[in-house]
Undergrad: 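Here you go, one structure.
Below, chains carry the letters A, B, ... as their sequence lines are ordered, and counting in each starts from 1.
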Amino acid sequence: MKLENSFILAPGIGEKTEQKLWKNNVTHWDKVSQANVIGSTRRETLEGFLKKARKNLQVGNSYFFGDKLPNKSLWRAYRNFEENACFFDIETTGLDKSRNKVTTIAFHRNGETRTLVRGQNLTRENIQREISNSSMLVTFNGKKFDQPFLEHSFDLNIDTPHLDLMYPCKRIGLSGGLKKIEKRIGIDRDLEDVDGREAVRLWKKYENKNDEDALDKLVEYNGYDARNLQELAEIVHQRLESRFYRPHIKR
DNA sequence: TTTATCCTAGTCGCGCGGTG
DNA sequence: CACCGCGCGACTAGGATAAA
């Protein structure tokens, strides 16, 4: 499903009203004019809003929808903005953003993975550019870890719509950490022996002993993390759709 | 095993739109 | 005009995660 199938982003429309619309075959913005399940006052308000929404969709303004959709439903914007969605993941020297440093960041967008490395190209400007070129950020637990860590470390203020897959995963019964979820739904991963802890060691090896192989391995691991997020997003979207949309529409 | 953070889900009360 | 259902903001409780 796409944004054009959603109505809860409009003021005065909640889940119940949206489901009523769907049930009556109003499954697209373009069908609102034929809607007879809501009164004319509501319909006119809705159509006025949809006019603005169409404009913002046309120019690809994801921020408009990020503001209107509750986080719980942000996944509905994924199909509309996946082209410039940025799947990203950071590696650090530890958990504490006030004590530890970012070592590498992998950005995966439009099928390409770009990695920033501390001491080479990991700069505020490069991060800023990656973020501002993105319609939407996609992470796992990034709302609590990756984004705040970046904001603190590089004095950034990130307001790009951010789809944190951890919460949708929980809704469809997937929890226990990213690696565990990947295994459960059959996402392959090389470098199975590497985890966050090992990532810290790899960085130390590189930094202290100039071990380029360690850095290569870290970058490769970081890239897998980012790319796997895209696979996960596909699966999560599919499952959310079949659970929270399809049951409400006529076939 | 901890820590801060942000989520979802649930409840409550107010106000409004729609209905008869 | 009286009632019901819904949206919605405010609030609370509880669950789950990051990397080491």
Undergrad: Can you run down the salt bridge (Lys or Arg N to Asp or Glu O under 4.0 Å) pairs that involve residues 104-114 of chain A, sequence neighbours left out, and say none if there aren't any?
TA: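 Listed once each, the pairs are Arg109(A)-Glu130(A), Arg114(A)-Glu130(A).
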
Undergrad: To the nearest Å, how far apart are Ile181(A) CD1 and dA18(C) C1'?
TA: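 Roughly 13 Å, once rounded to whole Å.
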
Undergrad: Would the distance check show the side chain of Thr103(A) and the main-chain N or O of Glu91(A) forming a donor-acceptor pair, the cut-off being under 3.5 Å?
TA: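 Yes: the side chain of Thr103(A) pairs with the backbone of Glu91(A).
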
Undergrad: Could you state the atom-to-atom distance from NZ of Lys180(A) to C1' of dA16(C) in whole Å?
TA: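 Atom-to-atom, Lys180(A) to dA16(C), this comes out as 11 Å.
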
Undergrad: So what's the dot-bracket for DNA chain B: Watson-Crick or G-U pairs under 3.5 Å, [ ] if a pair crosses, | if it pairs off-strand?
TA: ..||||||||||||||||||

Undergrad: Do any N or O atoms from the side chain of Thr160(A) and from the backbone of Met136(A) form a donor-acceptor pair under 3.5 angstrom?
TA: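 Not confirmed, Thr160(A) side chain does not pair with Met136(A) backbone.
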
Undergrad: Restricting to pairs with a member in residues 139-152 of chain A, which pass salt bridge (Lys or Arg N to Asp or Glu O under 4.0 Å), not counting sequence neighbours?
TA: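 Applying salt bridge (Lys or Arg N to Asp or Glu O under 4.0 Å) to every pair that reaches into residues 139-152 of chain A, excluding sequence neighbours, yields nothing.
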
Undergrad: Between atom CG in Asn141(A) and atom C1' in dA18(C), what is the gap in whole Å?
TA: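 So the CG-C1' distance, Asn141(A) to dA18(C), works out to 5 Å.
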
Undergrad: Taking CD from Glu44(A) and P from dG17(B), how many angstroms apart are they, rounded to a whole number?
TA: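 Rounded to the whole Å, the gap is 13 Å.
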
Undergrad: Treating primed atoms plus P, OP1 and OP2 as sugar-phosphate and everything else as base, which nucleotides of nucleotides 3-10 of chain C get B, S or - for protein heavy atoms under 4.0 Å?
TA: ---SSS--

Undergrad: Hydrophobic clustering (ILVMFWY, side-chain heavy atoms < 4.5 Å, transitive) - are Val32(A) and Val37(A) grouped together?
TA: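 Hydrophobic grouping puts Val37(A) with Val32(A).
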
Undergrad: Without swapping roles, check the side chain of Gln34(A) against the backbone of Val26(A) for a donor-acceptor pair under 3.5 Å.
TA: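 No; judged by distance alone, with no hydrogens or angles, the pair does not exist.
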
Undergrad: Phosphate oxygens OP1/OP2 of dG18(B): is one of them under 4.0 Å from a side-chain N or O of Thr41(A)?
TA: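 True: Thr41(A) side-chain N/O within range (under 4.0 Å) of dG18(B) OP1/OP2.
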
Undergrad: So, the side chain of Trp22(A) versus the backbone of Pro247(A): is there a donor-acceptor pair under 3.5 Å, distance only?
TA: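 No; judged by distance alone, with no hydrogens or angles, the pair does not exist.
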
Undergrad: Kindly say whether Thr27(A) contributes a backbone atom to a donor-acceptor pair with the side chain of Asn5(A) at under 3.5 angstrom?
TA: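 Yes, Asn5(A) side chain to Thr27(A) backbone: donor-acceptor pair under 3.5 Å.
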
Undergrad: What's Phe140(A) touching, base or sugar-phosphate or nothing? Going by heavy atoms closer than 4.0 Å.
TA: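 Sugar-phosphate, backbone atoms only, no base.
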
Undergrad: Check this for me: does any side-chain nitrogen of one of Arg42(A) and Glu47(A) sit under 4.0 Å from a carboxylate oxygen of the other?
TA: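 So Arg42(A) does not pair with Glu47(A) through a salt bridge.
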
Undergrad: Ser153(A) versus Lys101(A): any side-chain heavy-atom pair under 4.5 Å?
TA: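 In short, these two side chains do not touch, never coming nearer than 4.5 Å.
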
Undergrad: Give a yes or no answer on whether the side chain of Asn110(A) reaches the backbone of Glu83(A) with a donor-acceptor pair at less than 3.5 Å.
TA: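 Yes, because the side chain of Asn110(A) sits within donor-acceptor range (under 3.5 Å) of the backbone of Glu83(A).
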
Undergrad: Using a 4.0 Å heavy-atom cut-off, write out nucleotides 2-9 of chain B from 5' to 3' as B (base contacted by protein), S (sugar-phosphate only) or - (no contact).
TA: ---BBSSS

Undergrad: Same cluster or not: are Ile131(A) and Tyr63(A) linked, directly or through other Ile, Leu, Val, Met, Phe, Trp or Tyr residues, by side-chain heavy atoms under 4.5 angstrom apart?
TA: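 Unlinked, Ile131(A) and Tyr63(A) end up in two clusters.
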
Undergrad: Toward the 5' end of DNA chain C, which comes first, Leu174(A) or Gly94(A), by nearest nucleotide?
TA: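 With Leu174(A) and Gly94(A) compared, the 5'-side residue is Leu174(A).
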
Undergrad: Atom CG of Leu150(A) to atom C1' of dA18(C): distance rounded to whole Å?
TA: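 About 13 Å, once rounded to whole Å.
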
Undergrad: Taking the ring centre of each residue, are Tyr78(A) and Trp75(A) less than 6.0 Å apart?
TA: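 No, the ring centres sit 6.0 Å or more apart.
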
Undergrad: Is the closest basic N to carboxylate O distance between Asp30(A) and Arg54(A) below 4.0 Å?
TA: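 Counted as a salt bridge, because a side-chain N and a carboxylate O are separated by less than 4.0 Å.
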
Undergrad: By a strict heavy-atom criterion of less than 4.0 Å, which residues belonging to residues 207-222 of chain A are in contact with DNA chain B?
TA: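 Contacting residues: none.
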
Undergrad: Separation of Phe88(A) atom CZ from dA18(C) atom P, in whole Å?
TA: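 One finds 14 Å between P of dA18(C) and CZ of Phe88(A), rounded.
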
